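Below is one structure, written out as structure tokens; the observations come after it.
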There are 2 protein chains.
Amino acid sequence: MARPLEFNRDAALDRAMRVFWRQGYQAASLPDLLAEMGISRSSLYAAFGDKRGLMLECLDLFATRTLQILARARDGQPPLEALRQFFDRSVVDPPGGKAEWGCLLVNTVLEMADVDDGLSAHAAARLAQVQAGFEDCLRDAGCPPAQADELAAFLMLVNQGLRVSSRRAQPLQARRDQIATTFRVLSAAIPTEASST
Amino acid sequence: MARPLEFNRDAALDRAMRVFWRQGYQAASLPDLLAEMGISRSSLYAAFGDKRGLMLECLDLFATRTLQILARARDGQPPLEALRQFFDRSVVDPPGGKAEWGCLLVNTVLEMADVDDGLSAHAAARLAQVQAGFEDCLRDAGCPPAQADELAAFLMLVNQGLRVSSRRAQPLQARRDQIATTFRVLSAAIPTEASST
DNA sequence: GATATTCTGGACCGTTCAGTCCAGAATGCA
DNA sequence: TGCATTCTGGACTGAACGGTCCAGAATATC
């Protein structure tokens with residue numbers, strides 16, 4: 001009944017996600033977050049509980065966005081080509097800056113393992129959802145279930161590796177080559193109609 | 001000329017490396033390190049400068065050990081089989097506990113990117129040395145130079161991915177399968193005499 | 001055994017952290 | 001216009017951080 005306005009919660013969450021994405025959970029201080037989100041301490045604690053709760057929501061948001069990117073790539077395109085496009089996009093799309101930030105889920109799994117197992121496990125679970133998305137895609141491409149499972153795990157392996165590469169100083173072309181190698185090698189292993197090249 | 005004894009510097013460094021390996025740079029507090037190393041604050045600062053200097057030495061130690069493992073695997077064994085053994089060992093060898101800690105270099109590249117670029121770059125440079133070791137191995141296996149470069153990058157990609165997997169809750173068998181898939185797929189791509197399977 | 005030199009335990013420092021709290025600003029309703 | 005209610009900036013708190021310092025323990029030489 002009074003002062004119904006706040007800030008835009010979704011926008012603030014999006015900003016917070018970028019801070020965690022770039023700096024990691026521990027190095028993202030409250031002042032860092034507040035400055036980027038453009039709100040004050042009280043507002044953050046009222047809206048998100050605490051730093052850890054905010055992080056959990058950021059992990060969910062990141063996973064949702066990742067799954068959306070995959071779903072969009074699948075729209076009206078052969079499944080293998082969709083996967084290739086997903087990987088290409090993941091390497092080329094810097095969030096705005098000049099340097100890549102990798103994958104928030106991968107970053108968090110590594111940073112928080114043996115530090116906050118709950119956070120690490122939460123990120124790992126979201127990563128498993130993405131892997132399930134790969135598997136779905138491969139079944140669509142004609143893989144028998146057992147092989148779809150195996151190759152989805154392999155694709156997740158490559159995805160994880162790429163996200164590490166993107167935080168090393170490697171030039172963009174090197175990562176593109178790694179993707180090309182992966183799909184060249186992968187196409188040869190799939191007994192269905194292969195994608196281009 | 002007086003009190004020449006200290007603690008064993010190498011042993012202390014080895015202990016410190018394990019703490020950084022398990023917990024990461026930021027979460028490893030001085031009390032954590034001192035307790036594990038069994039020395040006191042003064043001794044640490046006298047011997048290693050500061051926390052960051054200690055970390056740099058730990059990164060070097062880890063890289064040296066990793067290269068030694070690869071060199072030992074190459075001894076009297078076909079190069080491709082040596083690579084496979086290197087990966088198998090890296091997955092099976094837990095440092096003592098029940099959970100895997102991944103790779104200190106990979107962990108550090110991710111954790112410290114955009115937080116302490118110097119540390120991240122140092123770890124990345126050591127990772128490049130390991131990649132050069134892969135490349136050397138592949139040339140030995142009969143790969144032409146250009147392909148050795150490409151496949152070494154691919155192997156490093158897989159290595160990075162595996163180190164992430166090992167910090168997720170995935171069962172050991174899943175990671176073994178990922179390695180098997182990788183080498184099955186890799187063998188098909190090498191135009192030399194392939195390794196077993 | 002005395003002394004000079006080096007090492008070590010632990011108290012101490014300023015800084016920064018995540019989280020709490022309250023006074024005051026802002027708004028919907030009457 | 002005035003009140004009830006909700007939001008917000010910023011001061012504040014206790015704890016933990018990395019790093020410094022010094023008094024005292026320990027030893028090689030004489």
Side-chain angles (χ1 to χ4, degrees), chain A residues 1-59 108 111-112 114-120 122, chain B residues 1-59 108 111-112 114-120 122:
Chain A
M1 308 192 173
R3 204 174 178 180
L5 318 189
E6 304 183 38
F7 49 90
N8 184 335
R9 193 180 190 278
D10 291 344
L13 186 62
D14 184 272
R15 300 288 199 93
M17 188 188 75
R18 287 186 191 165
V19 177
F20 284 131
W21 191 359
R22 187 177 62 236
Q23 303 184 237
Y25 179 71
Q26 299 175 96
S29 71
L30 256 332
D32 289 340
L33 289 163
L34 299 175
E36 183 70 25
M37 297 167 82
I39 65 177
S40 82
R41 251 179 154 76
S42 314
S43 309
L44 188 151
Y45 279 88
F48 301 102
D50 59 0
K51 185 186 177 185
R52 196 172 181 278
L54 177 61
M55 181 60 164
L56 286 171
E57 290 204 42
C58 287
L59 292 173
T108 304
E111 183 191 352
M112 303 315 286
D114 284 296
V115 174
D116 183 332
D117 289 327
L119 276 185
S120 183
H122 194 87
Chain B
M1 310 190 173
R3 201 172 180 182
L5 318 189
E6 303 184 39
F7 49 90
N8 184 335
R9 193 181 190 277
D10 292 343
L13 186 62
D14 182 272
R15 300 289 199 92
M17 188 188 75
R18 287 186 192 166
V19 177
F20 284 132
W21 191 359
R22 187 176 61 235
Q23 305 184 236
Y25 180 72
Q26 300 175 97
S29 71
L30 258 315
D32 288 341
L33 290 163
L34 299 175
E36 183 70 25
M37 298 167 82
I39 64 178
S40 84
R41 252 178 151 78
S42 313
S43 308
L44 189 150
Y45 280 88
F48 301 103
D50 60 0
K51 185 185 177 185
R52 195 171 182 280
L54 177 60
M55 180 60 163
L56 287 171
E57 289 204 42
C58 287
L59 292 173
T108 304
E111 184 191 351
M112 303 315 287
D114 285 295
V115 174
D116 183 331
D117 289 328
L119 276 184
S120 183
H122 194 87

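Each chain gets a letter, A, B and so on, in the order the sequences are listed, and its residues count up from 1. Values in this document were obtained by computation on a predicted structure and should not be read as measured data.
Pairs passing the salt bridge (Lys or Arg N to Asp or Glu O under 4.0 Å) check and including a residue from residues 45-54 of chain A, sequence neighbours excluded, read A/Arg52-A/Asp116. Screening residues 38-57 of chain A for ring-ring contact (aromatic ring centres under 6.0 Å, His included), with sequence neighbours left out, gives no hits. Sorted by first and then second residue, the salt bridge (Lys or Arg N to Asp or Glu O under 4.0 Å) pairs involving residues 29-48 of chain B (not counting sequence neighbours) are B/Arg15-B/Glu36.
Each of D/dC17, C/dC17, D/dT20 was ranked by its minimum atom distance to the side chain of B/Tyr45; first place goes to D/dT20.
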For nucleotides 10-15 of chain D, tabulate all protein N/O to nucleotide N/O atom pairs closer than 3.5 Å, reporting atom names and distance.
residue	atom	partner	partner atom	Å
D/dG10	O6	A/Ser42	OG	2.7

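Note that SG of A/Cys58 is 11.5 Å distant from CZ of A/Arg18, once rounded to the nearest 0.5 Å. Atom CG of B/Asp114 is separated from atom CH2 of A/Trp21 by 12.0 Å, given to the nearest 0.5 angstrom.
Between the P atom of C/dA18 and the CG atom of A/Asp116 lies a distance of 14 Å, rounded to the nearest Å. Protein atom CG of A/Leu44 is 14 Å distant from nucleotide atom C1' of D/dG9, rounded to whole Å. Summarising the geometry, the separation between CG on A/Asp50 and P on C/dC17 is reported as 17 Å, rounded to the nearest angstrom. Separating the CG atom of A/Leu34 from the C1' atom of C/dT20 is a distance of 14 Å, rounded to the nearest angstrom. In this structure, CG of B/Asn8 is placed 16 Å from C1' of C/dC7, rounded to the nearest angstrom. Look at CG on B/Leu33: it is 8 Å from P on D/dG18, rounded to the nearest Å. Rounded to an integer number of Å, the gap from A/Ile39 CD1 to D/dC7 C1' is 12 Å. One can place CZ of A/Phe48 at 11 Å from P of D/dT8, the figure rounded to the nearest angstrom.
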Dump the intermediate steps for side chain to side chain contact (heavy atoms under 4.5 Å, CB included) on B/Phe20 and B/Leu54, then the final yes or no. CA-CA 10 Å; B/Phe20 284 132; B/Leu54 177 60; 3.9 Å; yes
Worked check of side chain to side chain contact (heavy atoms under 4.5 Å, CB included) between A/His122 and A/Met112: CA-CA 10 Å; A/His122 194 87; A/Met112 303 315 286; over 6 Å; no
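Within the 4.0 angstrom heavy-atom criterion, only backbone atoms of the sugar-phosphate kind lie near B/Ala28; the bases stay farther away.
Between B/Val115 and A/Gln26 the shortest side-chain heavy-atom distance does not fall below 4.5 Å.
Along DNA chain C, the nucleotide closest to B/Ala46 and the one closest to A/Tyr25 are compared, and the more 5′ of them pairs with B/Ala46.
Between its two ends, the helix from C/dG1-D/dC30 to C/dA30-D/dT1 turns its axis by 0°, counting five pairs per end and rounding to 10 degrees.
Side-chain nitrogen and oxygen atoms of A/Ser43 include none within less than 4.0 Å of the OP1 or OP2 phosphate oxygen of D/dC7.
Listed by chain and number, the residues in a side-chain contact (heavy atoms from CB on, under 4.5 Å) with B/Ser42 are B/Ser40 (sequence neighbours excluded).
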